[in-house]
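Accompanying notes for the structure given below.
Within every chain, numbering begins at 1; the chains are lettered A, B, ... in the order of the sequence lines, protein sequences first and strands thereafter. FYI, side chains are in, hydrogens and waters are out, and symmetry mates aren't considered; it's all heavy atoms of this structure.
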Amino acid sequence: MSQALFKDETPALDDDTRSTLITRFLSFMDDESVLRDDEDLYPYESDGLAVYRQKPPLVVLPETVDQVQRILKICNELNVPVVARGAGTGLSGGALPLKNGILLGMAKFNKIVSIDENARTAVVQPGVRNLAISEAASDYNLYYAPDPSSQIVCTIGGNVAENSGGVHCLKYGMTVHNVLQVTAVTIEGELITVGSMACDTQGFDLLGLLHGSEGMLAVTVEIVVKLLPKPDTTKLLMAAFDSVDTAGDTVAEIIADGIIPAGLEMMDKPAIVAAEAFAQCGYPTDAEALFLCELDGTEEEVQHQLQQVEALVRKNNATVVHIARDEQERMQLWKGRKSAFPAVGRLSPDYYCIDGTIPRRHLSRVLQQMNTWSDEYKLRIANVFHAGDGNLHPLILFDANVEGELERTEELGGKILELCVEVGGTITGEHGVGMEKINQMCVQFSSDEITQFHAIKNAFDPGALLNPGKAIPTLNRCAEYGALHVHHGELPHPDIERF
Amino acid sequence: MTDKDISAELQTQVEQAAATQTPLTIQGGGSKSFLGVRNNAIALDVKQHSGVISYEPTELVITARAGTTLEEINSTLLSQGQTLAFEPPGFGAEATIGGTIACALAGPAKPYLGGTRDYILGCRILNGRAQNLKFGGEVMKNVAGYDASRLMTGAMGTLGVLLDVSIKVLPRAERDITLAASMDVESAIDKMQALAGLGQPVTAAAFIDGTLFTRLSGTETTTNAAAHNLKSMVGEKTDNSTLWQQLREHSLPFFQPQNSQPLWRVSVPALTRPLDIEGEWVYDWAGMQRWLISDAPAALIRSTCEAVGGHATLYRGTEEMQRQAGVFHPLPAPLLSLHKKLKDEFDPKGIFNQQRLFPEF
Ligand SMILES: Cc1cc2nc3c(=O)[nH]c(=O)nc-3n(C[C@H](O)[C@H](O)[C@H](O)COP(=O)(O)OP(=O)(O)OC[C@H]3O[C@@H](n4cnc5c(N)ncnc54)[C@H](O)[C@@H]3O)c2cc1C
């Protein structure tokens, strides 16, 4: 997973093809939209996973669907890979450029085409920022529910490609639950529309398939999202505990009690301390764990559930129980959680964010194992946790300038992900596989399953030109990684020679 | 309640069928065999492959073998105060959970709480190469690999045999109440759409025979408060507590036409005005799913729906009609081509449920 491990082995784009591409692109795009000088290209060399870098040979910035179609047709004809890029906040290297391909920046697709107040939908271009949708819908007392912590910058096109979540997805779902229709361009330059403005679509759920496909099946050019009415009432309860176990058990009891909170976010002590130091939001820094439980709905519903939750946390001996007094304090309490990444970032020169999901009942086992490894690897770990849905974000603190520390960090990260699979979870809940977790895919899936994934890609992109090498490993790579994933009692990848 | 794993037998049968290119009809309880074009291929009986494999109420997930009956799933969930929020219709006690996912039908709650595809978390399948494959998982958030579980949902068994499925479940509301008001269809359409924008606990809205019915779900306090708030808009409480179940299961008199006329399911965008097609109409899903009993020509029904961005399914009709008109709305050419390619990638010999979904594969 490391920079040392990340080597793009493919030969670079040859000069002839590169100049052919430039000439052909310039025939329908202006000079500023075809970036080719080093100083213009370097800013694109990495996405949110900054430890992986690759300067793209060429960046194109189309602004019309027709231009996207022509670009893809040309690349298809010349057999040149294409990596789509939104805001580049992805945390798994999904938008990492390739040495032999172009980077297709979607930043100019930044218009909200229309908002239908009565149908409660918005038609948006893929480069629109996530938060901009809710801001525009706010005039109608509506909002777009999925709210990744990166929502100020990340784009809705990137959200679809990663099937991003947010702190409110326990109740309101991930991106896939909040998108009605996607218009996309295939590598052949053909425009397709999947999903529909109706409540369902006939045929296969291609809309579902495009979500989380990491730019490997088609390039999204327009999205219709659902908008929700802003809830009447929203209340936030913070509860602190003297053990992570009790906090975890309390989360389970809330759900068993029939409550689906709008958000249910947990943090462990290192994360609490970091967030408090960063945001001064009023977290009790002596607590071993705390969670924020947000309830929304009608006044009656929220009052009723708030009483239930309060009774539960008190019964479980919460050391602090606090209900945000007003909107300002509610936002303040959220600020700590939402800035947990940068907050942890201040404690250490670098940090590495992991994104596994586990069945929540295994939380304490997983946390204990992480503590053991943390000592072993001499690397600190802070945990933020979408507790309602079991999505864990351990943040490993390290210093890339210390020889070997990045490599150790990545090894530890890989181990944590494999532990998530072992307890019945997954290597990624919302950040995607990208380039980063490609080896761990070999642990989670058998060779037949990986082959079926390649087959799905083949149906859309037979030349494997859209973001190749990401998300789905080759079987050879898995054999090399040597992950002994035993499936149905068979040795994995029996069809591949072992050295 | 049976608890039996026959995946190995099923795998052998699929292997043989693939080797001899013998078409198979995947069969659960047979409760939805009316939907989609029938064929006479050899049945692959999945019903025996049954039993709840795991159920974790606090994690909101149930995993069961495909042949488990929907009734068993529902009663298992009920015992813990939970439910399948998308309210899948059974259309008979034999309905299995495998068929439920494969057909992806959803009840009145769909526009408010989502459909089958919104609750599928993972599945194990046999593809056309008889490979046993697991996609997704038992956790709520999972983006590793393409979302093949959603692809299987609603594919009507054309891509593979579902062996077991993991589904997200939700707490069941403490109670439901129904409000009723008579009005004309135009204002019903507007009101149904507006209702969902008010932040009230509305979980169904249907317009039947001149009456708008609205369902509210929650606790006693919340539903009473909502009923009070919405009274002037959509009327008083009624006693009609079985209405929603009857609507879902097609046991309302509307669904038993006298002279076996065809039943169409029309799916249209929010706020679509009444369509100009002769026939009897019932409006569910806040007006977005419409049931139509009509002798109008299939081509007219389809073009009228298409013109407003919708589609029409020949839900119940004679075999002859089904073959002539096709059951599901024809796909635009680029999507059909992608469907065929995906079919090829999952079932290269084309053995599963030939032409059940579309005549082209
Ligand atoms: C501080 C921080 C906090 C974060 N918090 C969260 C969080 O809470 N929840 C969460 O889910 N994620 C989170 N993320 C991750 C990231 O923001 C999301 O994955 C986001 O959706 C990426 O959007 P982007 O526009 O930056 O996409 P990029 O990083 O540019 O691209 C991501 C992927 O999408 C593809 N892509 C982009 N645009 C298109 C298109 N038009 N068509 C086809 N493919 C396309 C790319 O090829 C790439 O594979 C966080 C990241 C940061 C840095």
Side-chain angles (χ1 to χ4, degrees), chain A residues 118-120 162-163 165 173-174 177 190 192 196-200 202-206 208-209 211-213 229 231-232 252 255-256 258 260 298 300-301 304 357-361 386 389-391 424-430 432-433 441 444-445 448-449 452-453 455-456 458-460 472 488, chain B residues 56-60 81 110-111 114-115 117-118 127 131-134 137-148 150-151 153-155 170-171 193 197-201 218-219 221-222 225-226 267-271 285 288-289 309-311 313 328-329 331 334-335 338-339 341-342 345:
Chain A
N118 296 320
R120 291 183 297 278
E162 301 287 9
N163 191 16
M174 317 261 294
H177 301 105
E190 189 158 41
I192 56 168
S196 85
M197 302 298 284
C199 217
D200 62 6
Q202 76 274 21
F204 301 152
D205 188 358
L206 300 182
L209 185 62
H211 279 83
S213 66
D232 266 7
I255 288 171
I260 304 295
T298 61
E300 297 79 14
E301 202 176 348
H304 182 81
T357 307
I358 56 168
R360 205 183 330 91
R361 62 189 178 280
H386 301 299
D389 40 37
N391 189 195
T426 174
I427 58 170
T428 173
E430 58 181 11
V433 174
M441 282 292 284
Q444 187 164 338
F445 294 99
D448 285 348
E449 287 152 1
Q452 188 69 65
F453 286 143
I456 291 174
N458 194 51
F460 283 79
I472 315 292
H488 295 300
Chain B
E56 294 292 338
T58 65
E59 313 241 2
L60 304 172
K110 155 96 190 185
R117 52 96 71 179
D118 296 308
N127 66 6
Q131 290 166 326
N132 182 317
L133 311 174
K134 183 171 187 282
E138 293 179 75
V139 287
M140 223 84 86
K141 282 168 87 180
N142 185 357
V143 291
Y146 300 119
D147 196 341
R150 276 204 175 77
L151 200 53
T153 307
L170 283 185
Q193 176 62 19
L198 299 175
Q200 295 293 317
T219 62
T221 339
T222 57
S267 175
V268 289
L271 290 167
W285 292 7
M288 288 184 274
Q289 168 170 268
H311 55 95
T313 308
F328 296 95
H329 202 106
L331 294 169
L335 290 190
L338 276 174
H339 275 65
K341 287 179 191 162
L342 281 166
E345 299 289 358

Open item on the list: Between Ser196(A), Gly258(A), Gly173(A), Gly432(A), who has the most heavy-atom pairs with chain B when the cutoff is under 4.5 Å?
Closed with: Gly258(A)
Open item on the list: Counting only non-hydrogen atoms closer than 4.5 Å, does Gln289(B) touch chain A with its backbone (N, CA, C, O), its side chain (CB onward), both, or neither?
Closed with: neither
- [ ] Could you verify whether a donor N or O on one side chain and an acceptor N or O on the other, from Thr357(A) and Asn142(B), lie under 3.5 Å apart?
- [x] no
- [ ] Give the member of Thr221(B), Val268(B), Thr313(B) that has the highest number of heavy-atom pairs under 4.5 Å with chain A.
- [x] Val268(B)
Open item on the list: Let's test your reading of the structure: which of Glu138(B), Arg117(B), Lys341(B) forms the most heavy-atom pairs below 4.5 Å with chain A?
Closed with: Arg117(B)
Open item on the list: Using a 4.5 angstrom heavy-atom cutoff, name the option from Asp200(A), Ile260(A), Asn118(A) with the most pairs to chain B.
Closed with: Asp200(A)
- [ ] Just give me the residue among His211(A), Glu301(A), Glu300(A), His177(A) that pairs up with chain B most often, heavy atom to heavy atom, under 4.5 Å.
- [x] His177(A)
- [ ] Taking the side chain as every heavy atom from C-beta outward, state whether Leu151(B) and Leu206(A) have any pair of such atoms under 4.5 Å apart.
- [x] yes
TODO: Count the heavy-atom pairs under 4.5 Å between each of Lys110(B), Met288(B), Glu56(B) and chain A, then report the option with the highest count.
DONE: Glu56(B)
Task: Under 4.5 Å from any heavy atom of chain A - which part of His311(B) - done: side chain
Task: Heavy-atom contact with chain A under 4.5 Å, split by part of Pro57(B) - done: backbone
Open item on the list: With chain B as the partner, which of Gly208(A), Gly429(A), Pro229(A) has the greatest number of non-hydrogen pairs under 4.5 Å?
Closed with: Gly429(A)
Task: Region of Leu342(B) that comes under 4.5 Å of a non-hydrogen atom in chain A - done: both
Task: Which portion of Thr219(B) sits near chain A, non-hydrogen atoms under 4.5 angstrom - done: side chain
Task: No-hydrogen, no-angle side-chain donor-acceptor test under 3.5 Å, Thr298(A) and Gln200(B) - done: no
Task: Which residues share a side-chain contact (heavy atoms from CB on, under 4.5 Å) with Ser213(A), sequence neighbours left out - done: Leu210(A), Leu217(A), Tyr146(B)
Task: Option in Pro334(B), Pro201(B), Gly154(B) with maximal non-hydrogen atom pairs under 4.5 Å from chain A - done: Pro334(B)
Open item on the list: As an exercise: rank Asp118(B), Val143(B), Leu170(B) by heavy-atom pairs under 4.5 Å with chain A and give me the winner.
Closed with: Val143(B)
TODO: Output the option from Asp147(B), Val139(B), Leu331(B) having the highest count of non-hydrogen pairs under 4.5 Å with chain A.
DONE: Val139(B)
TODO: Determine the minimum heavy-atom distance between Gln193(B) and Ala270(B), stating which atoms define it.
DONE: OE1-CB, 3.4 Å
